[in-house]
Amino acid sequence: MSDSKGEDVGSRGVSTTKPRETSKMPDVPKSLSRKGYVVWFHEHGEYLGLAWNESAAAIERAHVANADQAIYFETFAQAAVARDKFISPCQVLHSRGPGKRPKLMG
C-alpha cells in the first residue's frame, strides 16, 4: 500500500479497516411521571419496573413500557446498582419532577 507520494505505508501501522460505527443513542423521553432516577432500556424504549410473574406467583423486577410503572429511585447510586444487574444495554435517567425533561446520567 502506498500514500499519495507513492511511499510504502504498510510498515507504518496504518489501518486499512473502516472506522468502528457507534450506535446512536435514542432521544431521551420528553418527560417522566415523577421525581427520581429510573433505569431506562434505551434500545427497547422501556424502563425497569415491577410486574407480576405468573409462573413464580410473585411480583418481580421487569421491563415495563410505561414510565408510570417504572421504579423511581431516590439516588443515582441506587439506580446504578439496579442497572448493573442487567445484561441489556441501559442508562440511568434523572427526572427533576413530573412533566420535566429527564437528564441522561449514564
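Starting from 1, each residue takes its place in the sequence as its number.
Atom CD of E74 is surrounded by 12 or fewer heavy atoms from other residues, nucleotides or ligands within 6.0 Å.
Annotation: the span from K103 atom NZ to R96 atom CZ amounts to 9.0 Å, rounded to 0.5 Å. How far OG of S95 is from NZ of K35: 9.0 Å, rounded to the nearest 0.5 Å.
Qualifying side chain to side chain contact (heavy atoms under 4.5 Å, CB included) partners for S33, counting only residues two or more places apart in sequence or in other chains: A67, D68, Y72. T75 meets the side chain to side chain contact (heavy atoms under 4.5 Å, CB included) test with A77, Q78; sequence neighbours excluded.
Formation of a donor-acceptor pair under 3.5 Å by the S31 side chain with backbone atoms of R101 is not found in this model.
Side chains of L93 and P29 form a contact here, defined as non-hydrogen atoms less than 4.5 Å apart. In this structure the side chain of H94 never reaches within 4.5 angstrom of the side chain of P102, judged on heavy atoms. Contact annotation: the side chain of H63 approaches that of H44 to within less than 4.5 Å [non-hydrogen atoms, C-beta and beyond]. At least one side-chain heavy atom of H42 sits under 4.5 Å from a side-chain heavy atom of P89.
Through chains of ILVMFWY side-chain contacts below 4.5 Å, W52 is grouped with Y37, V39, F41, L48, L50, I59, I71, F73, F76, F86, V92, M105.
Taking each heavy atom of A65 and E46 in turn, the nearest pair found is CA-CG, 4.1 Å. Minimum interatomic distance between V38 and A70 (heavy atoms only, all atoms of both residues): CG1-CB, 4.2 Å.
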